[in-house]
Amino acid sequence: MKSIIFLSATLFSSLGFSASLPNGRRATEDSSLQKQYITGIDIGESFDNSLWPGVVTDKYQFAMIESSKGESVSNVHFTLQNNAARAHGLLTGAIHVADPLVPGTTAENQATVFSQVGGMWQADGKTLPGALKLENPPNGPACFGMTPDDLGYWIKKFAIKYRSLTTRSPTILSTTEWLETCLGTTGMNWIPASSRLWIIHYSSFPGPIPSHWSTWTFWRSDASKGVFNYNLFNGNALQLKSFATTSP
């Protein structure tokens with residue numbers, strides 16, 4: 001997530017806004033989606049903790065926070081952000097950005113690092129399973145230069161290791177275009193059936209669903225100009241709580 005200079009929560013309040021959505025919209029103005037789904041956000045290292053009161057005011061109920069990429073920590077503020085979100089009553093989970101191009105890396109090593117720096121799950125009703133973000137590297141070949149089978153097998157090994165460490169399967173965070181292009185049916189067949197889909201589609205509807213899934217569990221429907229990304233959970237509050245509590 002790109003860095004940005006943030007307005008403080010006090011300044012947001014003085015202007016009559018809480019944490020704002022893109023295109024000048026606020027979550028409270030996106031009433032049709034709020035009535036149909038549970039709303040939440042995902043953030044990166046640059047998110048300002050002073051914005052949490054505005055997030056709560058806008059009725060967001062969960063926050064997913066990037067914690068690692070490859071075999072490295074990508075967010076030194078993860079613990080502070082996670083604790084602050086929980087202190088404001090949000091369910092939280094962590095995001096790992098896959099990077100099979102790290103020299104000497106393995107999927108298992110990346111899953112282990114992830115579990116150690118924020119991705120660990122516990123059945124406390126407050127922790128969402130970790131998410132594996134799949135996207136083209138900014139300075140590398142599309143699809144990491146891997147075949148669909150090799151990439152699908154890498155994801156499977158990550159998922160199996162993560163589940164062995166946490167008892168939960170990682171949620172898959174990506175776009176339909178990336179999954180269909182880089183994995184296709186043969187590559188996606190490697191992904192465990194227990195891994196839920198977190199679809200990225202910046203629109204008023206979630207768009208086509210990749211062939212491996214029948215529906216989405218999370219949907220990132222908007223990016224908020226670096227402040228946070230706007231997400232929806234495909235269910236009600238009790239179902240979200242159950243997803244945070246029960247290992248499938």
Side-chain angles (χ1 to χ4, degrees), residues 1 42 44-45 64-75 78 82 92-123 127-200 209-213 216-218 220 229 231 243-244 246-248:
M1 189 173 293
D42 73 270
E45 184 177 62
M64 296 295 289
I65 307 170
E66 183 179 318
S67 66
S68 54
K69 179 178 181 179
E71 294 190 10
S72 303
V73 172
S74 62
N75 182 358
F78 175 86
N82 189 68
T92 63
I95 300 168
H96 175 78
V97 181
D99 188 358
L101 298 180
V102 174
T105 192
T106 66
E108 292 88 346
N109 284 351
Q110 292 197 22
T112 300
V113 170
F114 181 42
S115 70
Q116 294 171 343
V117 297
M120 182 57 69
W121 178 81
Q122 50 188 335
T127 308
L128 295 166
L132 176 64
K133 185 178 183 181
L134 299 166
E135 61 184 359
N136 287 331
N139 299 305
C143 310
F144 304 103
M146 300 170 71
T147 67
D149 268 330
D150 286 346
L151 186 50
Y153 188 54
W154 192 97
I155 295 168
K156 176 184 178 179
K157 290 191 292 183
F158 180 99
I160 290 174
K161 182 63 176 181
Y162 181 77
R163 187 174 178 90
S164 75
L165 295 168
T166 68
T167 76
R168 298 299 300 267
S169 294
T171 300
I172 302 300
L173 169 60
S174 193
T175 65
T176 294
E177 180 182 11
W178 194 94
L179 292 167
E180 295 286 3
T181 299
C182 293
L183 293 172
T185 301
T186 57
M188 283 189 280
N189 282 341
W190 289 106
I191 300 175
S194 54
S195 281
R196 304 287 191 94
L197 174 65
W198 179 359
I199 193 71
I200 301 173
I209 301 301
S211 59
H212 187 68
W213 291 271
W216 54 274
T217 298
F218 294 96
R220 184 198 283 178
N229 296 310
N231 294 271
F243 184 57
T246 306
S247 181

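Keep in mind that this is a model prediction, so the values were computed, not measured.
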ask   = About how many Å separate CZ of Arg168 and CE of Met120, when rounded to the nearest 0.5 Å?
value = 13.0 Å

Any side-chain heavy-atom pair of Thr171 and Leu197 under 4.5 Å = no

message = Does atom OH (Tyr153) have a neighbourhood of more than 12 heavy atoms from anything else shown, all under 6.0 Å?
response = no

inquiry  = With heavy-atom distances below 4.5 Å as the criterion, would you say the side chains of Leu183 and Leu151 are in contact?
reply    = yes

query = Would you say Thr246's side chain and Phe243's backbone share a donor-acceptor pair under 3.5 angstrom?
reply = no

message = With a 6.0 Å cut-off (strictly less than), is the heavy-atom count around NZ of Lys156, excluding the residue itself, greater than 12?
response = no

ask   = Which heavy atom of Leu134 sits nearest a heavy atom of Ala98, and at what distance?
value = CD2-CB, 3.8 Å

request  = Could you walk me through whether Trp198 and Met64 pass the side chain to side chain contact (heavy atoms under 4.5 Å, CB included) test, one step at a time?
outcome  = CA-CA 11 Å; Trp198 179 359; Met64 296 295 289; 3.5 Å; yes

query = Would you say Thr166's side chain and Tyr162's backbone share a donor-acceptor pair under 3.5 angstrom?
reply = yes

key: Side-chain heavy-atom pair Ser174, Glu135 within 4.5 angstrom cut-off   = no

key: Sidechain-backbone polar pair: Asn189 side chain, Thr185 backbone, donor-acceptor under 3.5 Å   = yes

Glu180 side chain vs Thr175 backbone, donor-acceptor pair below 3.5 Å = no

request  = Would you give the length of the straight line joining atom CZ of Arg196 to atom CH2 of Trp216, rounded to the nearest 0.5 angstrom?
outcome  = 12.0 Å

message = Looking at Phe158, I'd like to know if the NZ or CZ of Arg163 sits under 6.0 Å from its six-membered ring centre while staying within 45 degrees of the ring's axis.
response = no

ask   = Can you check whether Met146 reaches Trp154 side chain to side chain, under 4.5 Å on heavy atoms?
value = yes

ask   = Atom CG of Asp99 and atom NZ of Lys133: how far apart are they, to the nearest 0.5 Å?
value = 12.5 Å

ask   = Taking atom CD of Gln122 as the centre, does the number of heavy atoms from other residues, nucleotides or ligands within less than 6.0 Å exceed 12?
value = yes

task = Mind listing the closest non-hydrogen atom pair of Pro141 and Gly145 along with its distance?
result = CG-N, 3.6 Å

message = Under a 3.5 Å threshold, yes or no: a donor from one side chain and an acceptor from the other, between Glu45 and Ser74?
response = no

message = For the backbone of Lys161 and the side chain of Ser164, can you confirm whether one donor and one acceptor N or O come within less than 3.5 Å of each other?
response = yes

message = Side chains of Ile199 and Pro210, heavy atoms from C-beta outward: is any pair under 4.5 Å?
response = yes

key: Side chain to side chain, Trp213 and Met188, heavy atoms closer than 4.5 Å   = yes

message = Could you check whether any side-chain heavy atom of His212 comes within less than 4.5 Å of a side-chain heavy atom of Leu179, counting everything from C-beta outward?
response = no

request  = Decide yes or no for Ile155 and Trp190: does some side-chain heavy atom of the first lie under 4.5 Å from some side-chain heavy atom of the second?
outcome  = no

ask   = Is a side-chain donor or acceptor of Asn136 paired with a backbone partner of Cys143 at a separation under 3.5 angstrom?
value = yes

Member of Ile95, Leu132, Asn231, Asp42 meeting the side-chain contact (heavy atoms from CB on, under 4.5 Å) criterion with Leu173 = Ile95

query = Are side-chain N/O atoms of Asp150 and Thr147 paired as donor and acceptor at under 3.5 Å?
reply = yes

query = Are Gln110 and Thr105 close enough, and set up right, to give a side chain to side chain contact (heavy atoms under 4.5 Å, CB included), and what steps lead you there?
reply = CA-CA 7 Å; Gln110 292 197 22; Thr105 192; 3.1 Å; yes

query = Do any N or O atoms from the side chain of His96 and from the backbone of Gly119 form a donor-acceptor pair under 3.5 angstrom?
reply = no

message = Checking Asn82 against Thr92 for the side-chain hydrogen bond (donor to acceptor under 3.5 Å, both in side chains) test, could you report, in this order, the C-alpha distance in whole Å, the side-chain angles of both residues, the deciding distance, and whether it holds?
response = CA-CA 7 Å; Asn82 189 68; Thr92 63; 2.7 Å; yes

ask   = What are the two closest non-hydrogen atoms of Pro129 and Ser169, and how far apart are they?
value = CB-O, 3.9 Å

message = Taking Pro170's backbone N and O only, do any of them form a donor-acceptor pair with Ser195's side chain (distance below 3.5 Å, no angle check)?
response = yes

query = Under 3.5 Å, is there a donor-acceptor pair between the side chain of Ser68 and the main chain of Val73?
reply = no

